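Okay, so here's the structure we're looking at.
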Amino acid sequence: MPNFTDKTAIVTGASTLMGRKIVEAFHAAGANVVMLDIAAAAGAALAVELGSRAVFLHGDVTDDAVIDRCLATAAERFGGVDMLVNLACTYDDNGIDSTRTQWLRALDVNLVSGALFIQKARPHLKAARGAVVNIASISGKRAEPDRMLYATSKAGILHMTRAAAMALAGDHIRVNSVSPGWTWSNVMVELTGDRREKADRVAAPFHLLGRVGDPEEVARAVLFLCSDDASFITGTDLAVDGGY
C-alpha cells in the first residue's frame, strides 16, 4: 500500500459504496480525507468512524460554492490538497427519450463538475505536485441499450482527463482516470436485492474473470495512480474491468 502520511485527498461521491472504499483506502494509507456527498447520513457516519483525519461535507458538486467550501476546508483543516478523486455521478438516464433537463443535469454532475473541481483545485494541486483521478467507466467506451446520458458523460470524462493532463502538465499535476467494469456498488445492490451471487452470474458472460468487481479493487487502482509509483503516468485511463 502506498504511504500517504501527511497528504490530503478530496473524494466526491464519498457516501457511495465505491466512494467509501476509496476513502477507507486513503485513510488506511495514512492520508487525511475530505469527503463530499449529497447523502449526509452515510458520509457523516463514516467520518465519525474514521476519526480526526477525516471530515465530511454535505453538498452538491454542481454548486460552485460547495466546491470552494470543500477546498477551503481541506486547506484550513489539513494544510492543502494533494489528491482529488472525482467520483460523484448520477445514473438518471432515460436513453433516447431523456429530456433536456435530464441531459443537462447528467452532464453537469458527471462531467462539468469534475472539470470545475480540477480548475478550482489547481493552485492547491500545483503547490503539492498532486494528482487527480476521474472515475470514468466501461460505459464511456461502448454503446449500451437504453443508455445515453451516463455513457456520454463517461466518454466525456475520458477526453476531459486527457485534455486536463495536457493543460496541467506544466504545473506538475498528473491527471488520470479509472474505468471500472461492472462493480459491486449501490446501484448493483439495489438492482439485485443485495444478492452478490446474482450479480456475478449475470456479469460472468461479459467479463473474462467471470464476476463483478469489488469496490476495493477500484480503490487500489485509484491509490496507485495517486502514488509515487505512478509518477510517470498521466493522461491515461486504467481499466479495472475484469477483461470486459
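Below, all heavy atoms of this structure are taken into account, side chains as well, without hydrogens, waters or symmetry copies. It should be emphasised that the depicted structure is a prediction, and the values quoted were computed from it without experimental measurement.
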Side chain to side chain contact (heavy atoms under 4.5 Å, CB included), paired with Val11, selected from Asn86, Val34, Val85, Leu36: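 That would be Val85.
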Could you check Ile135, Ile138, Asp241 and say which one makes a side chain to side chain contact (heavy atoms under 4.5 Å, CB included) with Pro180?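 That would be Ile135; it is the only one of Ile135, Ile138, Asp241 passing the side chain to side chain contact (heavy atoms under 4.5 Å, CB included) with Pro180.
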Trace of the side-chain contact (heavy atoms from CB on, under 4.5 Å) decision for Leu46 with Glu24: CA-CA 9 Å; Leu46 180 57; Glu24 290 175 340; 4.0 Å; yes
Any chance the side chains of Asn186 and Thr16 put a donor and an acceptor closer than 3.5 Å? no
Regarding Asn134 and Thr161, do their side chains bring together a donor and an acceptor under 3.5 Å, going by distance alone?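 Checked: Asn134/Thr161 side chains pair up, N/O donor to acceptor below 3.5 Å.
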What pair of heavy atoms forms the shortest contact from [X] to [Y], and how long is it?
| X | Y | answer |
| --- | --- | --- |
| Val61 | Ser113 | O-OG, 3.1 Å |
| Gly59 | Ile38 | O-CG2, 3.3 Å |
| Thr234 | Ala165 | OG1-CB, 3.5 Å |
| Leu17 | Ser185 | CD2-CA, 3.9 Å |
| Met83 | Ala31 | CE-CB, 4.4 Å |
| Ala75 | His124 | CB-CE1, 4.0 Å |

Measuring from atom [atom1] of [X] to atom [atom2] of [Y], what distance do you get when rounded to the nearest 0.5 angstrom?
| X | Y | atom1 | atom2 | answer |
| --- | --- | --- | --- | --- |
| Leu57 | Ile10 | CG | CD1 | 8.5 Å |
| Phe26 | Cys226 | CZ | SG | 4.0 Å |
| Tyr150 | Thr90 | OH | OG1 | 10.0 Å |
| Phe56 | Ser15 | CZ | OG | 4.0 Å |
| Met1 | Arg220 | CE | CZ | 8.5 Å |
| Arg147 | Asp93 | CZ | CG | 6.0 Å |

Between [X] and [Y], is there a shared hydrophobic cluster once you connect ILVMFWY residues whose side-chain heavy atoms come closer than 4.5 Å?
| X | Y | answer |
| --- | --- | --- |
| Val218 | Val23 | yes |
| Met35 | Leu87 | yes |
| Val133 | Leu158 | no |
| Ile22 | Trp184 | no |
| Ile67 | Met160 | yes |

Would you say [X] and [Y] make side-chain contact, with heavy atoms under 4.5 Å?
| X | Y | result |
| --- | --- | --- |
| Phe117 | Val132 | no |
| Leu125 | Leu168 | no |
| Phe224 | Pro2 | no |
| Met166 | Arg162 | no |
| Lys120 | Asp68 | yes |
| Tyr244 | Lys141 | no |
| Asp200 | Trp182 | no |
| Trp103 | Met148 | yes |

Sidechain-backbone polar pair: [X] side chain, [Y] backbone, donor-acceptor under 3.5 Å:
| X | Y | value |
| --- | --- | --- |
| Arg53 | His27 | yes |
| Asp171 | Arg122 | no |
| Ser153 | Leu107 | no |
| Ser137 | Ser179 | no |
| Ser227 | Asp229 | yes |
| Asp37 | Ala14 | yes |

Tell me whether [X] is salt-bridged to [Y], with the criterion being a basic N under 4.0 Å from an acidic carboxylate O.
| X | Y | answer |
| --- | --- | --- |
| Asp214 | Arg196 | yes |
| Arg20 | Glu49 | yes |
| Arg105 | Asp60 | yes |

Greater than 12 external heavy atoms within 6.0 Å of Arg69's CZ: yes
Using side chain to side chain donor-acceptor pair (under 3.5 Å) as the criterion, point out the one residue from Thr8, Thr5, Asp6 that pairs with Asn32.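 The residue from Thr8, Thr5, Asp6 that satisfies side chain to side chain donor-acceptor pair (under 3.5 Å) with Asn32 turns out to be Thr8.
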